[in-house]
Peer 1: 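Take this structure, written in structure tokens, and hold onto it; I'll ask about it next.
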Protein chains: 2
Amino acid sequence: MPATSRPTSKDVAQEAGVSQSTVSLVMGGKWAGRVSPATARGVQEAAERLGYRPNPAARNLRLGTTRTVLLMVPTLTAPFFGPVYTGAARVATSHGFGVVVSTWPGEGAAPEGPFAAPHETIDGILASSLEAARFGDEALAGFAGTPAVMLDSGPQGDVPTVDFGVADGMRAIARHLAALGHRRFGHVAAGLDQWTFHARAQALADVVRDVPGGSLLRERCEIDVASAKDAAGRLLARRDRPSVLVCDDDLIAAGAYKAARARGLAIPDELSVTGFDDVLLATALEPELTTVRLPAEELGAQGMTALLELLAGTRPHPRVLPGRLVVRGSTAPPHQA
Amino acid sequence: MPATSRPTSKDVAQEAGVSQSTVSLVMGGKWAGRVSPATARGVQEAAERLGYRPNPAARNLRLGTTRTVLLMVPTLTAPFFGPVYTGAARVATSHGFGVVVSTWPGEGAAPEGPFAAPHETIDGILASSLEAARFGDEALAGFAGTPAVMLDSGPQGDVPTVDFGVADGMRAIARHLAALGHRRFGHVAAGLDQWTFHARAQALADVVRDVPGGSLLRERCEIDVASAKDAAGRLLARRDRPSVLVCDDDLIAAGAYKAARARGLAIPDELSVTGFDDVLLATALEPELTTVRLPAEELGAQGMTALLELLAGTRPHPRVLPGRLVVRGSTAPPHQA
DNA sequence: CTGTTAGCGCGTTCAC
DNA sequence: GTGAACGCGCTAACAG
């Protein structure tokens, strides 16, 4: 056969002098007691010799399944989502599944037809960190029929979820700060319409309300260092300047560091700063950042586990992954002004 | 039909009262002058009503093409590869292609059969940052037949490549440092057997050799903050301590910062530090890092462009993307001891 | 133990 | 302008 096109199972059958079905059985690895060892080895050798590999498209068509799931994330540029993939891929691999990643289609890219995103043939979807604005159109119409699990997107109607215990995490931060003696809280909040950020804001407000003499100011920003620096700067410029900046994300905290430095405020002696997520950056900063560790890899792993259950016909229970307060060097009792 | 299984083109045909081929023509968008507008609209409405989407597996099998390419990277946890994906996806999308990501199979995971990595049906492969050790087995046997482009893996035999001008970048750093008056160079090198790191080491050595009275010490480490801190610490503990630490990666530079801080050395007054890549971290550090900006997104974009050319039958020319020296606050003339 | 047969859903001839 | 028939490569029944 020409070298230009790949050999098919028919070619292998011919080469080995058997029928296609025998080839299929041998390649499928389930010839135990159905094909003679001699014949099987002959087939394997023929396949090897020809460099044969089953055509996945044909296999998928016949089987109606691809053993592949799609992980959709808002972006791969943010440091948070790499580990999510890693966790998902680990679990998937151990069950003979593959994972492909896609990012949510951008603003401009009008999805042609319902759910144009994956060119892929997939068995299920892991949808991470969905924006609230997307729920209506996509989560319902988009996934149409495809088994899906939503990650880090808050409690949903009828689709299984895996979420972080962000409220508990934020409360832990706030209580840690209150115990240190802080009263004037500044919240540098992510300006994204996502469940997780709403939950963080709510939890922080709840705790501060119960702090005697407690006050809370809020500024919103993008999740990038420059924007966060601006927002933090606005907070620090006030006469009633907060003694602590509670940031919705470690990246935002990095911006807060820069704003503090720009005003000559020492961390943690004159200003405490906290982050959220505990990405790599948190320990690269000086001083190292007090933050809440969100088990991103575990999110991917648990999500995949739930999706696999779903594909197997079981209805997975909702999962909540606790965040853990990690106290490092960026928090201290407030400066006595 | 039952709600459990997705509608097929046959269902649409029946619903619209036409034949399958008519449906195929209309859905394919090429019914210009072959199907009456009235019929076409009827088909489209029927498809809409049923929520019909062509079965990708069947389409792939028939067409022999998937309009999907695979991007393989060493890891998604490192901050560098997100932008690579973004750039590749941007170009692919504009040509009607999709991108799926995979990481190189881990050490333990023995690839079953030749190239087990993608469960996917793909038209081509973008292989990024291959380790030299992998070349023999994978690059040759692995891609067997599949059109591939190698990214950031150095010049290859017969497969098209896109690389960074890392040697030029490293020379720019070294000359910048030499011009500031530095003589004692320390190289905190990544202990990975990749082309890019060999090229960096070579370029640095070349420049230092031509610096009058120049000396060069080298320590290797993993690409993570803790390991880099150790390696940098070993360099700083020497009697003939370098006046500058040239780091193979921004992450490594972050470790160098910590080592410096641990020894009470002020950056840049008592010690200069440089990075490589210019990831997000570079501007989050204090002082901001002097580094070489590697256009990661452009790497993905150019790689995809080359792969698309390859798929179209053209032989793409090798591409080299220049790195640009970005001088920030972490470099200064050496301290007069 | 092995070979023959049928059909997954689609796109594309070729008749009408 | 439209429909019937065929085959992509594979696997699962069923015969032998």
Peer 1: Provide the closest heavy-atom pair for A:Asp123 versus A:Thr66 in the form atom of the first, atom of the second, distance.
Peer 2: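 Closest pair (atom of A:Asp123, atom of A:Thr66, distance): OD1-N, 3.0 Å.
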Peer 1: For nucleotides 13-16 of chain D, which of its nitrogen or oxygen atoms have a protein nitrogen or oxygen under 3.5 Å away, and what is each distance?
Peer 2:
none

Peer 1: Atom CD of A:Gln20 to atom P of C:dG3: distance rounded to whole Å?
Peer 2: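 My rounded result for the distance is 12 Å.
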Peer 1: Which heavy atom of B:Thr77 sits nearest a heavy atom of A:Thr86, and at what distance?
Peer 2: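 Between these two residues, the closest heavy atoms are OG1-OG1, 3.4 Å.
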Peer 1: Among the candidates C:dG7, C:dT2, C:dC10, find the nucleotide nearest to the side-chain atoms of A:Arg62.
Peer 2: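 Shortest atom-to-atom distance from the side chain points to C:dG7.
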Peer 1: What's the CG-C1' distance between A:Asn55 and D:dG7, to the nearest Å?
Peer 2: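 These atoms are roughly 13 Å apart.
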Peer 1: For A:Leu25, answer base if it contacts any base atom (sugar-phosphate contacts may also be present), sugar-phosphate if it contacts only those atoms, and nothing otherwise; contact means non-hydrogen atoms under 4.0 Å.
Peer 2: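 Nothing: the residue A:Leu25, judged by heavy atoms under 4.0 Å, touches no strand.
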Peer 1: Taking all non-hydrogen atoms of both residues into account, name the closest pair between A:Ser129 and A:Ser153 and its distance.
Peer 2: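 Of all heavy-atom pairs spanning A:Ser129 and A:Ser153, the closest is N-OG, 3.4 Å.
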Peer 1: Between P on C:dC8 and CG on A:Leu63, what's the gap in Å once rounded to a whole number?
Peer 2: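 Distance check: A:Leu63 CG to C:dC8 P gives 14 Å.
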Peer 1: Give a yes/no answer on whether the side chain of B:Ser19 brings an N or O atom under 4.0 Å of OP1 or OP2 in D:dG3.
Peer 2: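 Yes, because at least one side-chain N or O of B:Ser19 sits under 4.0 Å from OP1 or OP2 of D:dG3.
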Peer 1: Distance check needed: C:dC10 P versus B:Arg59 CZ, whole Å only.
Peer 2: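 Answer to the nearest Å: 9 Å.
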Peer 1: When we call it a touch if two heavy atoms are under 4.0 Å apart, what does A:Val18 touch: a base, just sugar-phosphate, or nothing?
Peer 2: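 Sugar-phosphate contact only - A:Val18 comes under 4.0 Å of backbone atoms but never of a base.
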Peer 1: For residues 308-318 of chain A, which side-chain N or O atoms pair as donor and acceptor with protein atoms under 3.5 Å away, sequence neighbours left out?
Peer 2:
{"unit_1": "A:Glu309", "atom_1": "OE2", "unit_2": "A:Arg319", "atom_2": "NH2", "d": "3.2"}
{"unit_1": "A:Arg315", "atom_1": "NH2", "unit_2": "A:Asp158", "atom_2": "O", "d": "2.6"}

Peer 1: What integer distance in Å separates B:Gln14:CD from D:dA4:P?
Peer 2: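 That distance rounds to 12 Å.
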Peer 1: Out of C:dG9, C:dG11, D:dG9, which nucleotide sits closest to the side chain of B:Ser24?
Peer 2: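 Comparing C:dG9, C:dG11, D:dG9 against the side chain of B:Ser24, the answer is C:dG11.
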Peer 1: To the nearest Å, how far apart are A:Arg53 CZ and D:dT11 C1'?
Peer 2: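 The distance from CZ of A:Arg53 to C1' of D:dT11 comes to 18 Å, rounded to the nearest Å.
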Peer 1: Any idea which of D:dT2, D:dG9, C:dC10 is nearest the B:Thr22 side chain?
Peer 2: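 When the side chain of B:Thr22 is considered, D:dT2 is the closest of D:dT2, D:dG9, C:dC10.
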